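To start, the structure under review is shown below, and the notes come after it.
A quick note: this is a predicted structure, and the numbers were derived from the prediction, not measured.
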Amino acid sequence: MSDSKIHNCLIIGSGPAGYTAAIYAARANLKPILYTGPQPGGQLTITNDVENYPGYPKGIMGPEMMEDFRAQAERFGTDIRYEMITKVDFTGPVHKVYTESGEEVSAHTVVISTGATAKWLGLESETRLNNKGVSACAVCDGFFFRGQDVIVVGGGDTAAEEATYLAKMCKTVHLLVRRDEMRASKIMQERVAKTENLIVHWNTETLEVLGTEGVTGAKIRNTKTGEISEITATGFFVAIGHQPNTKIFEGWLDMNESGYLDVVPGRTFTKIPGVFAVGDAADYTYRQAVTAAGTGCMGALDAERYLVETGVI
């Protein structure tokens with residue numbers, strides 16, 4: 001089975017980037033189709049309070065905000081399809097994608113907004129207390145822990161950045177590092193060392209996040225001595241990196257060693273004409289809803305200009 005029509009604009013993935021791209025593309029009369037992927041609305045659908053997105057002065061629940069985005073995209077005529085794209089073919093000027101049900105869909109332009117997924121420790125307690133004190137984004141959720149004790153897990157630049165960021169607003173930050181040294185860059189390690197209210201626990205792994213209705217601390221183990229102890233804290237931040245959802249583009253598009261798609265600096269162009277990458281699939285620096293939405297707008301505008309320049313519209 002195939003969709004014989006060649007669409008002007010096909011968007012892979014939802015979330016702030018995908019829905020914003022859809023809004024702009026639809027308003028430009030490109031009649032976009034959007035495939036939501038396995039998690040319609042993206043990471044914000046598993047986020048409770050969103051207080052840093054402009055236009056919501058009282059804050060909003062993540063799932064509710066994504067419903068607003070979806071409704072706005074549909075209002076302008078976006079064809080939203082609740083399926084995954086499992087394979088792509090970018091060999092010709094008309095791009096082909098294949099859905100999980102086996103349908104072949106063709107489009108002149110493709111906007112990739114597949115996002116990224118936070119890496120987790122894999123603990124049952126971590127999952128149970130997600131959004132109840134467990135977070136993978138200090139910039140998003142640190143505000144809720146002002147003046148409190150928190151824990152950060154990780155040893156790379158992300159962990160160092162999150163820990164020093166939290167130290168500016170929290171009483172004490174406990175940084176749990178599995179080895180006897182950090183993988184973070186030298187300058188970030190120096191910042192960690194100079195932060196007075198940041199305590200580094202070397203050779204430490206997390207056995208359990210403690211708490212029932214909310215985080216109360218963590219049970220930890222020293223990997224050298226085997227000693228088990230507990231740390232009291234109200235926040236538990238996992239900072240061991242993100243995994244971009246870009247595997248289906250391997251072999252087609254350039255990406256960095258972590259899997260983030262390469263784009264022309266300041267634009268959304270990939271190396272394939274007519275294929276654009278937006279949001280967290282290409283952003284390994286900011287990873288915020290508002291920046292994702294901004295690049296979604298850029299991707300739609302780039303797609304529209306491409307269609308005009310190539311004479312499609």
Side-chain angles (χ1 to χ4, degrees), residues 43 46-48 116-245 247 257-259 284 287:
Q43 292 187 74
I46 56 171
T47 302
N48 286 337
T117 304
K119 295 179 181 178
W120 298 96
L121 300 175
L123 302 173
E124 180 279 328
S125 53
E126 172 190 54
T127 303
R128 175 169 49 82
L129 292 168
N130 201 351
N131 286 318
K132 297 179 181 178
V134 171
S135 171
C137 181
V139 174
C140 309
D141 301 325
F143 177 83
F144 302 112
F145 300 92
R146 290 174 300 167
Q148 301 175 45
D149 295 335
V150 299
I151 295 168
V152 176
V153 179
D157 278 342
T158 298
E161 289 170 4
E162 302 251 303
T164 52
Y165 173 83
L166 289 166
K168 296 174 183 177
M169 64 186 76
C170 297
K171 182 180 177 182
T172 306
V173 177
H174 298 274
L175 178 60
L176 311 186
V177 181
R178 282 185 60 91
R179 303 189 301 175
D180 57 5
E181 61 181 3
M182 296 184 69
R183 293 180 290 102
S185 60
K186 184 177 180 181
I187 189 170
M188 290 308 304
Q189 292 190 50
E190 289 175 352
R191 289 178 187 173
V192 168
K194 291 177 181 178
T195 304
E196 292 184 0
N197 62 331
L198 201 168
I199 302 170
V200 180
H201 300 260
W202 303 106
N203 302 303
T204 300
E205 65 177 354
T206 304
L207 298 178
E208 181 183 2
V209 184
L210 303 175
T212 51
E213 297 302 314
V215 170
T216 59
K219 181 183 292 185
I220 61 175
R221 177 171 58 199
N222 185 294
T223 57
K224 283 196 170 181
T225 66
E227 179 184 358
I228 295 175
S229 58
E230 295 183 2
I231 297 176
T232 300
T234 53
F236 187 88
F237 292 84
V238 181
I240 57 176
H242 286 71
Q243 179 63 50
N245 304 317
K247 190 170 182 59
E257 59 184 12
S258 298
Y284 50 85
R287 295 194 298 264

Keeping the roles fixed (side chain from [X], backbone from [Y]), state whether a donor-acceptor pair exists under 3.5 Å.
X    : Y    : answer
Q189 : A184 : yes
E162 : A138 : yes
D157 : S185 : yes
R183 : G154 : no

Work out which heavy atom in [X] is nearest to a heavy atom in [Y]; give both atom names and the distance.
X    : Y    : value
T158 : A239 : CG2-CB, 4.0 Å
V238 : E126 : CG2-OE2, 3.4 Å
C137 : F237 : O-CE2, 3.9 Å
T206 : A218 : CG2-CB, 4.4 Å
W202 : M182 : CZ3-CG, 3.6 Å
L175 : A163 : CD1-CB, 4.3 Å

Report the distance from atom [atom1] of [X] to atom [atom2] of [Y], rounding to the nearest 0.5 Å.
X    : Y    : atom1 : atom2 : result
T172 : L198 : OG1   : CG    : 9.5 Å
L207 : I220 : CG    : CD1   : 8.5 Å
T127 : L121 : OG1   : CG    : 9.5 Å
D180 : N203 : CG    : CG    : 5.0 Å
L166 : F145 : CG    : CZ    : 9.0 Å
F143 : R146 : CZ    : CZ    : 3.5 Å

Residues forming a ring pair (Phe, Tyr, Trp, His ring centres under 6.0 Å) with H201, sequence neighbours excluded: H174
Do [X] and [Y] have side-chain heavy atoms sitting under 4.5 Å apart?
X    : Y    : result
I231 : L176 : yes
L210 : F236 : no
M188 : T164 : yes

Counting heavy atoms not belonging to E196, are there more than 12 under 6.0 Å from its CD? no
Would you indicate whether I228, at its atom CD1, is surrounded by more than 12 heavy atoms from other residues, nucleotides or ligands within a distance under 6.0 Å? yes
Do the charged groups of E190 and K194 touch, with an N to O distance under 4.0 Å? no
Test T234 against F144 for side chain to side chain contact (heavy atoms under 4.5 Å, CB included), laying out the working first. CA-CA 10 Å; T234 53; F144 302 112; over 6 Å; no
Check each of R221, R179, K224 against E205 using the salt bridge (Lys or Arg N to Asp or Glu O under 4.0 Å) test, and report the only one that passes. R221
K171 and Q148: side chain to side chain contact (heavy atoms under 4.5 Å, CB included), yes or no, with the steps? CA-CA 5 Å; K171 182 180 177 182; Q148 301 175 45; 5.9 Å; no
Please determine which of V150, V215, D141 meets the side-chain contact (heavy atoms from CB on, under 4.5 Å) test together with S135. D141
